[in-house]
Every structure is written in C-alpha cells, then in structure tokens.
Amino acid sequence: MKQSVAGRLKIAFDNSYARLPEGFFELRAPTPVEDPSLIKVNHALAEVLGLNPDDLETAQGVSLLAGNHVPESAAPLAMAYAGHQFGNFVPQLGDGRAILLGEIVGTDGIRRDIQLKGSGRTAFSRMGDGRAGVGPVLREYIVSEAMHALAIPTTRSLAAVRTGEAVMRERPMPGAVLTRVSQSHLRVGTFQYFAARGNTDALKVLTDYAIDRLFPEAAEADQPAAAFFERVLGGQATLIAKWMLAGFIHGVMNTDNTSIAGETIDYGPCAFMEAYHPGTVFSSIDRNGRYAFGNQPAIAHWNLVQLVQCLLPLLHSDPDKAIAQAQSMVDTYPDLFEQALAAEFRRKLGLATKESGDRDLGQGLLDLMAHKQADFTLTFRGLAELVGTGAPAQAKAGELFFKDPEVIEGWVERYQSRLERDPLSSEDRAARLRAVNPLYMPRNHLLEDVIRSAEDGADFEPFETLMSVLADPFTERAGLERFARPAKPEERVLQTFCGT
Ligand code: AMP
Ligand code: MG
C-alpha cells in the first residue's frame with residue numbers, strides 16, 4: 001500500500017524558456033482529460049530528475065501527468081517552430097499537441113524539459129485535435145527507452161497515462177498522454193521560425209539561450225554562433241553514426257524533428273531494421289524514400305545547412321563572409337560523420353585499437369549483410385560467437401550468417417586477421433562484443449503486439465514485459481527466446497504509421 005497522499009507531490013519547476021520574449025511560445029495550459037489512469041511511471045528516470053516515483057503514481061501524480069493538475073511552479077507553454085517537412089518549408093508548425101510544463105534540474109545537475117505530449121490543442125494545432133493515441137504513445141515510450149539502454153542520445157519517457165477519452169484516427173482509439181523528457185526541445189525548426197520572419201534579434205536571443213543551456217563553453221569562443229553551430233553539427237554526426245549502426249530508421253527527419261541538443265526526437269513511424277538493406281523505408285508517408293535508412297547521413301547534412309543559413313546574420317555583418325564561413329563549417333560534416341561512423345564500427349566490431357581500414361572492414365560486413373539479407377541485430381550479436389568460446393544457444397541467425405562459406409572466405413578471414421593485430425583475449429573481446437551488440441530489440445512485430453493488446457483489450461501486460469526485457473538488451477536470459485528472434489514471415493511488419 002502506498003503511503004503517499006494527495007497534496008504531497010511537490011515539483012520545483014524552473015522555467016528558463018518561459019522567460020524568453022513573447023513570440024517564442026504561446027502560454028497555454030494542458031486541456032484536462034476525462035478519466036486519467038496510469039499506464040506506467042519510469043522509476044529510474046524519475047529518480048534522475050529528483051522526483052519520487054511513488055508520488056507520481058498517486059492520484060495527484062497521475063492528474064499531473066494527464067495535464068489535469070498543473071503545479072504552481074509550472075509555466076505551461078507551447079513552443080513556436082517552423083520546419084522543412086519532406087523538403088518543403090512550412091513557416092509555422094509549433095507544438096500542436098504538446099505542452100512544456102517546465103524544466104527540472106536533476107540530481108545530476110542537468111536541466112531537462114518536462115513536456116506532456118497529447119495534452120490538448122494549442123495555437124499551433126491547425127486541424128489537429130492536440131491529442132495522441134495510446135499506440136503511438138507506447139511506441140515512443142518503448143523505442144525512446146530502448147535507445148537510451150543502447151546509449152544512443154534520445155529524449156526519454158517519464159510516464160504514460162490513459163485519458164479515458166477516445167481519439168478519432170482511422171477509427172476511434174483510446175487516448176493517452178506521454179510525459180517526454182529532453183535536454184531541450186529546441187529544434188532546427190525553432191531557428192527557422194525566426195529566420196523566416198527576418199527576426200535577427202530573436203535569433204540572437206535564441207542562440208544565446210541555446211548556448212547557455214546546452215553548450216556553455218561556446219560562449220567563450222571568438223564567434224559564439226559559429227562555435228554553437230559546430231557543436232550541433234558534431235552532435236548530429238555522432239547521433240546519426242549511432243543510428244546507422246543500430247539499424248535505426250527515424251522515418252521523419254524533418255528539420256522540426258532535428259534536435260539542437262543532438263537527441264533522437266519525435267518518434268513517429270520509426271523502426272529498427274531486421275533484414276539489412278540500406279534502401280529500407282517503413283514509413284507509410286515516405287512515398288519517395290527521402291528518409292530511407294541509407295539516406296539518413298545526407299539528410300542530417302541537409303538539415304544542418306538549413307540551420308547554418310539561419311545563423312548567417314550572427315556569423316558576420318558581411319553576407320559574403322558569413323556565407324563563406326557557413327560553407328566551410330558545413331563542409332566539415334562528411335569527414336566528421338565518417339570519423340564517428342568508424343569509431344562506432346570499432347565499437348561494434350569489438351576493436352580496441354584504431355586502423356585506417358576499420359571503416360572499410362565494417363562496410364564490408366554491411367555489404368555482405370545486404371547481399372544475404374542478414375538480420376541486423378543478430379549478425380552483430382553473432383560476432384561474439386565468432387570470436388569467443390562456448391557459443392551460447394541463441395543468436396542463431398548470426399551463427400548461420402557467419403557459417404555461410406561466402407562470408408567465411410571473404411569477410412571473416414579479413415576480420416580475423418584484423419583481430420590478430422588487436423590486443424585483446426578472445427574472452428575479453430567476446431564479453432566486450434556482448435556488451436555493445438544487443439540481443440533484445442523492440443522489433444516491429446513485438447511493438448505491434450504490445451500496441452494491439454493496449455488498443456484492443458486495454459491490456460498492458462505485454463508492454464510491461466517488453467519494457468522489462470529491453471531494460472537490459474545485452475544480457476542473455478533464459479526464457480526470452482521470442483524477444484531475440486526475427487519476425488516469422490506471417491509476423492512481418494512492412495509499414496509503420498505516424499498515427500498522429
Ligand atoms: P510530428 O509529425 O509529430 O513531427 O508533427 C508535425 C507537426 O504537426 C507538429 O507541429 C505537431 O505539433 C503537429 N501535430 C501532429 N499531430 C497533431 C495533432 N494530433 N494535433 C495537433 N497538432 C498535431
Ligand atoms: Mg515533430
């Protein structure tokens with residue numbers, strides 16, 4: 001029996017964004033929902049934030065997470081932003097179904113946004129209802145927390161609640177609200193919003209704010225705006241390299257879904273690939289494959305060009321000089337990305353030393369995987385079996401792949417000769433490989449299962465089970481075989497939907 005009583009929940013929000021000038025947001029409280037009930041509170045994250053998870057599970061806590069109770073210290077608002085959607089510029093998007101309650105400085109000293117997603121209409125809702133269905137909320141909850149477990153920068157999920165209301169999509173769906181946590185919800189599109197209005201003063205304020213909050217050391221640079229951009233660029237290069245070697249497809253890499261903090265944000269029709277192919281697209285709305293898996297590095301580059309264009313007036317008063325500098329900064333991206341990718345390959349291949357051929361070695365594996373339609377996760381997991389002793393019973397797909405004569409004669413020989421020049425015992429290497437190459441992933445058919453149970457039967461057991469499996473994706477446990485294997489042909493998910 002919980003001891004907490006209503007009225008005990010105290011949250012000390014501090015709202016730096018709300019102190020920015022008018023025009024950066026609309027002050028707007030969440031719209032209360034009919035009958036809030038808890039789906040889940042993320043205890044580990046609550047503790048990082050300095051919140052008592054048990055308090056969040058009380059009636060008052062659930063009321064807060066549903067948007068029905070707004071604490072006194074909160075300053076609820078909808079952020080203004082613009083963005084390129086599938087390459088087309090939209091001068092005003094903004095939080096149409098999300099409300100920033102405020103910021104909390106965690107026990108780790110990091111300031112984070114606490115945002116309710118699905119919390120009602122705002123000035124930016126256009127035709128939308130401001131709400132979210134339970135399916136997309138659970139999808140974002142699961143995938144964002146899985147990304148965190150994989151050490152990939154991401155927004156996180158503090159809680160999910162049911163609203164007791166229906167949302168109208170292709171058919172009526174149970175409504176839900178996600179509490180999303182981020183180091184900042186600033187997007188490339190936030191900068192585009194003011195640039196499109198020719199508001200250089202606001203751009204300066206926004207850039208100073210972003211520097212102060214995310215990259216304080218950039219304030220000391222000769223040109224803080226340039227130092228700021230270089231940090232965002234570095235963050236994107238690292239992030240996308242990690243996506244590429246997790247088999248992650250974001251699905252909607254619009255500039256409004258590109259975080260300045262370098263986090264994965266706005267999980268919509270995202271997916272992890274099973275059979276590897278760089279041309280893979282899951283999103284039902286991505287008809288031309290703009291955001292196909294293999295395009296992601298180039299799209300991030302394009303999005304960074306959009307950001308630096310916004311910053312031109314802050315770089316130099318002479319437009320030609322500003323453009324020249326912007327160009328030279330943007331031109332560093334391909335190399336930085338390649339370096340980040342090579343580092344990520346070394347990690348995934350269990351290499352302790354650096355050689356210039358490592359990037360090629362990794363690429364060679366990917367090419368073979370594409371040729372053989374090998375399972376992305378299990379192939380990398382299978383590397384531990386290849387180098388280690390006492391191969392575990394699981395990860396059969398990886399094992400099969402590495403027993404293929406074409407793979408053995410080509411890539412495995414190259415890998416093994418590279419390992420001879422890398423000073424690790426095979427036991428250490430196998431342990432290292434198992435600590436970075438996950439066995440359990442939120443495969444599409446597993447997500448579908450969770451979502452169907454929640455939507456059709458209000459059954460959240462499958463969600464709880466999957467979350468407990470994904471909390472530790474690296475340690476093989478008995479009885480979890482079905483979470484490790486690829487979809488059977490009849491389970492295969494071919495398309496994912498935004499479901500907004
Ligand atoms: P997203 O696809 O989540 O990146 O959203 C793109 C834009 O559409 C953002 O401005 C959202 O706030 C807005 N939007 C998406 N779904 C809804 C909805 N149900 N109601 C209002 N606005 C929405
Ligand atoms: Mg978005």
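We count ligands from 1, going down the list as the structure has it; atoms in each ligand are counted the same way. All figures in this text were calculated on a predicted structure; none of them were measured in a lab. When reading the values below, keep in mind they use all heavy atoms of this one structure, side chains included, and skip hydrogens, waters and symmetry mates.
- Residue contact annotation: Asn254 places no N/O/S atom under 2.8 Å from the Mg ion (ligand 2).
- Residue Met127 does not touch ligand 1, judged by heavy-atom distances below 4.0 Å.
- Here Tyr81 has side-chain heavy atoms under 4.0 Å from ligand 1, and that is the only part of it that gets that close.
- The CZ atom of Phe191 sits 8.0 Å away from atom SG of Cys310, with the distance rounded to the nearest 0.5 Å.
- Interface of Ser125 with ligand 1, defined as ligand atoms under 4.0 Å from a residue heavy atom, comprises 21 (C), 22 (N).
- Once rounded to the nearest 0.5 Å, the distance linking CG of Leu447 with CZ of Phe463 reads 10.5 Å.
- Defined by atom type and a distance below 3.5 Å, a donor-acceptor pair is missing between the side-chain atoms of Glu47 and Thr107.
- A donor-acceptor pair is defined here as one N or O able to donate and one able to accept, closer than 3.5 Å; no such pair exists between the side chain of Asp256 and the backbone of Gly189.
- Close N/O approach between Asp95 and ligand 1 is not found [any backbone or side-chain N/O within under 3.5 Å].
- Distance CG/Leu158 to CG/Leu116: 9.5 Å, rounded to 0.5 Å.
- For the residue pair Gln325 and Gln223, a side-chain donor N or O sits within less than 3.5 Å of a side-chain acceptor on the partner.
- For the pair Gly268 and ligand 1, no heavy-atom separation below 4.0 Å is found.
- Ring geometry for His301 versus Tyr333: interplanar angle under 30°, hence parallel rather than tilted (30 to 60°).
- Asp266 contributes OD2 as its N, O or S atom closest to the Mg ion (ligand 2).
- Checked by distance only, ligand 1 and Gln85 stay at 3.5 Å or farther apart across all their nitrogen or oxygen atoms.
- Residue contact check for ligand 1: Glu140 places no non-hydrogen atom closer than 4.0 Å to it.
- The line from CZ of Phe25 to CG of Leu20 is 6.5 Å long, rounded to the nearest 0.5 Å.
- Ligand 1 places these atoms under 4.0 Å from at least one heavy atom of Gly130: 18 (C), 19 (N), 20 (N), 21 (C).
- For the Mg ion (ligand 2), the N/O/S atoms of Asp256 include none lying under 2.8 Å.
- In Asp266, the part holding a heavy atom less than 4.0 Å from any atom of ligand 1 is the side chain.
- Considering backbone and side-chain atoms alike, Phe124 places every N or O at 3.5 Å or more from each N or O of ligand 1.
- In the model, Asp113 has a side-chain atom that pairs as donor or acceptor with a side-chain atom of His185 under 3.5 Å.
- Between atom 1 (P) of ligand 1 and the options Arg126, Arg121, Arg97, the minimum heavy-atom separation is to Arg97.
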